[in-house]
Amino acid sequence: MRIKSLALLLILCCAIGVFGQDNKCSLKLSELPDAPELFGFRMGMSTAQLKLRVPQVAFGRNDDFGVSKTSISPDFDREIAKAGLAGVRTISFDFLDGRLTSLWLGYDGSFKWKTAPEFVNGISQSLHLPHAWTQWKVRGQQLRCADFQMTVLIVAEGPSFHIIDEAAAQMVAARREAKEEQHSGLEEGESTEIVADSRTKVYYPEGCKPAQEINPKVHLVFKTKEEAEKAGYKPAKNCQ
């Protein structure tokens, strides 16, 4: 009886272990295979490679953080060959430093997978994804892996599939934060006032205060010490 109990416990532990593995995704973007449902588009591809795939695509300038965005609409653009993009309504691309970091495909009602569960099952087989999808929004599903995430949602009677490079998203966020800190530092520097005495032609640099309050009639303020010196003022002796 005890042996049977131990056996059942072992089976249960193995089942829990397998279940735990199925509900986690440790895949990386570099490990994803090509899939026919992505029509030759691949995360990490360069703008030049995208241009070869779709010559009609146009790119704008990179923003201050190295990001550029563009999109194509095979359904509306007559110049784009639809033979190689059957069932695709629109595609949006985000690039960071010239590499694709976000791919968003909107399929029309003729696409082979009609519902979110059908799309999840199909794309999981094509990209060799684990069964670790979770509910997302009302009718969608989401998958989070080592360095990327995917979402599936039904939009305008067709599935919408989005792949995001999370490492790249974190890089953009870090660059934005650094830019904000730099801007904040500049604003603080600009707000510093250089106090001066027009009677004595003396100014008091940042961190140095006059021994006594300057008479309002001869009190002046400069934005920088360079501005004060250009006006003929010299730093106070006790501040040198």
Side-chain angles (χ1 to χ4, degrees), residues 23-33 35 38 41-51 53-54 57-73 90-106 116 120 123 127 129-130 132-153 155 159-195 204-209 221-228:
N23 280 270
K24 292 182 180 179
C25 178
S26 58
L27 285 175
K28 295 184 177 181
L29 275 175
S30 58
E31 298 173 331
L32 292 180
L38 302 186
F41 302 111
R42 185 179 180 86
M43 299 293 285
M45 70 189 306
S46 67
T47 52
Q49 290 172 325
L50 178 57
K51 190 74 174 177
R53 175 66 182 85
V54 186
V57 69
F59 299 99
R61 291 183 178 181
N62 289 359
D63 64 14
D64 293 339
F65 311 105
V67 176
S68 63
K69 301 183 179 184
T70 190
S71 61
I72 59 174
S73 300
T90 58
I91 311 177
S92 296
F93 309 91
D94 287 10
F95 287 83
L96 175 63
D97 299 333
R99 295 289 174 181
L100 184 63
T101 58
S102 172
L103 175 63
W104 199 332
L105 295 103
V120 165
I123 202 66
L127 294 177
L129 303 173
W133 292 82
T134 59
Q135 191 70 27
W136 184 68
K137 293 189 176 181
V138 179
R139 300 169 58 193
Q141 294 192 42
Q142 183 179 68
L143 175 69
R144 289 185 175 274
C145 297
D147 60 356
F148 68 93
Q149 65 169 285
M150 297 178 174
T151 57
V152 174
L153 192 65
V155 178
S160 174
F161 180 50
H162 194 185
I163 311 176
I164 301 174
D165 182 339
E166 289 195 327
Q170 293 171 4
M171 175 68 74
V172 174
R175 291 180 181 181
R176 290 183 186 277
E177 184 177 353
K179 183 77 171 181
E180 290 174 359
E181 289 179 354
Q182 181 183 16
H183 182 68
S184 176
L186 289 174
E187 286 185 340
E188 289 177 1
E190 290 172 357
S191 64
T192 302
E193 294 182 343
I194 306 297
V195 178
Y204 298 86
E206 180 183 358
C208 179
K209 296 182 179 180
V221 174
F222 293 99
K223 291 183 178 180
T224 63
K225 63 179 183 179
E226 289 78 12
E227 182 180 341

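Bear in mind the structure is a predicted one, so any value in this text is a computation, not a measurement. Each residue takes its place number in the sequence, starting with 1.
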*Asks:* Got a second to check how far C208's SG is from I194's CD1, nearest 0.5 Å?
*Replies:*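 So the SG of C208 and the CD1 of I194 are separated by 10.0 Å.
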*Asks:* Donor-acceptor check, side chain of R42 to backbone of A35, threshold 3.5 angstrom: yes or no?
*Replies:*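 Not a single qualifying donor-acceptor pair exists.
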*Asks:* Give, for atom CG of L153 and atom OG1 of T151, the distance between the pair rounded to the nearest 0.5 Å.
*Replies:*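 One finds 7.5 Å between CG of L153 and OG1 of T151.
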*Asks:* F65: which residues meet the ring pair (Phe, Tyr, Trp, His ring centres under 6.0 Å) condition with it, sequence neighbours left out?
*Replies:*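 With sequence neighbours excluded, F65 shows a ring pair (Phe, Tyr, Trp, His ring centres under 6.0 Å) to no residue whatsoever.
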*Asks:* Where do W136 and L143 land on the side-chain contact (heavy atoms from CB on, under 4.5 Å) test, with the steps shown first?
*Replies:* CA-CA 9 Å; W136 184 68; L143 175 69; over 6 Å; no
*Asks:* Which residues pass the side-chain contact (heavy atoms from CB on, under 4.5 Å) test with M45, not counting sequence neighbours?
*Replies:*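 Testing M45 for side-chain contact (heavy atoms from CB on, under 4.5 Å), a comparison that skips the adjacent residues, returns F41, Q49, L50, L100.
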*Asks:* Looking at residues at least two apart in the chain, or sitting in another chain, which of them share a side-chain contact (heavy atoms from CB on, under 4.5 Å) with D165?
*Replies:*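 L29, M43, T101, A167, A168.
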*Asks:* Apply ring pair (Phe, Tyr, Trp, His ring centres under 6.0 Å) to W104 and list each qualifying residue two or more places apart in sequence or on a separate chain.
*Replies:*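 H162.
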*Asks:* Holding to side-chain contact (heavy atoms from CB on, under 4.5 Å), I want the full list of residues that pass it with Q141, two or more places apart in sequence or in another chain.
*Replies:*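 Q141 satisfies side-chain contact (heavy atoms from CB on, under 4.5 Å) with P117, V120, W133 only.
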*Asks:* Once you round to the nearest 0.5 Å, how far does CG of D94 lie from CG of L103?
*Replies:*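 Atom-to-atom, D94:CG and L103:CG are 9.5 Å apart.
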*Asks:* Please report the interatomic distance CG(L38) to CD1(I163), rounded to the nearest 0.5 Å.
*Replies:*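 With rounding to 0.5 Å, CG (L38) is 5.0 Å from CD1 (I163).
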*Asks:* Checking K51 now: which residues fulfil side-chain contact (heavy atoms from CB on, under 4.5 Å) with it, not counting sequence neighbours?
*Replies:*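 Partners of K51 under the side-chain contact (heavy atoms from CB on, under 4.5 Å) test: V57, F59.
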*Asks:* At their closest point, which heavy atom of A116 faces which heavy atom of R139, and how far apart are they?
*Replies:*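 That closest heavy-atom pairing would be CB-O, 3.4 Å.
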*Asks:* Step by step, would you call M150 with L127 a side-chain contact (heavy atoms from CB on, under 4.5 Å)?
*Replies:* CA-CA 12 Å; M150 297 178 174; L127 294 177; 3.6 Å; yes
*Asks:* Grab the two heavy atoms, one from A228 and one from F222, that are nearest each other, plus how far apart they are.
*Replies:*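 Closest approach of A228 to F222, heavy atoms only: CB-CD1, 3.6 Å.
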*Asks:* Checking R175 now: which residues fulfil side chain to side chain donor-acceptor pair (under 3.5 Å) with it, not counting sequence neighbours?
*Replies:*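 Scan of R175 (side chain to side chain donor-acceptor pair (under 3.5 Å), adjacent residues dropped) gives D97.
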*Asks:* Name every donor-acceptor pair, under 3.5 Å, that has one atom in a side chain of residues 66-73 and the other anywhere in the protein, sequence neighbours excluded.
*Replies:*
residue	atom	partner	partner atom	Å
T70	OG1	A58	O	2.6

*Asks:* Applying salt bridge (Lys or Arg N to Asp or Glu O under 4.0 Å), name anything that partners R144, two or more places apart in sequence or on another chain.
*Replies:*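 Expected list: E166.
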*Asks:* With a 4.5 Å cut-off on side-chain heavy atoms, are L27 and F148 touching?
*Replies:*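 Yes. Closest side-chain heavy atoms under 4.5 Å.
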*Asks:* Would you sort out whether C145 and K28 count as a side-chain contact (heavy atoms from CB on, under 4.5 Å), showing the intermediate values?
*Replies:* CA-CA 7 Å; C145 297; K28 295 184 177 181; over 6 Å; no
*Asks:* Going by salt bridge (Lys or Arg N to Asp or Glu O under 4.0 Å), name the pairs with one or both residues in residues 57-66, residues two or more places apart or in two chains.
*Replies:*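 Listed by first then second residue: nothing to list.
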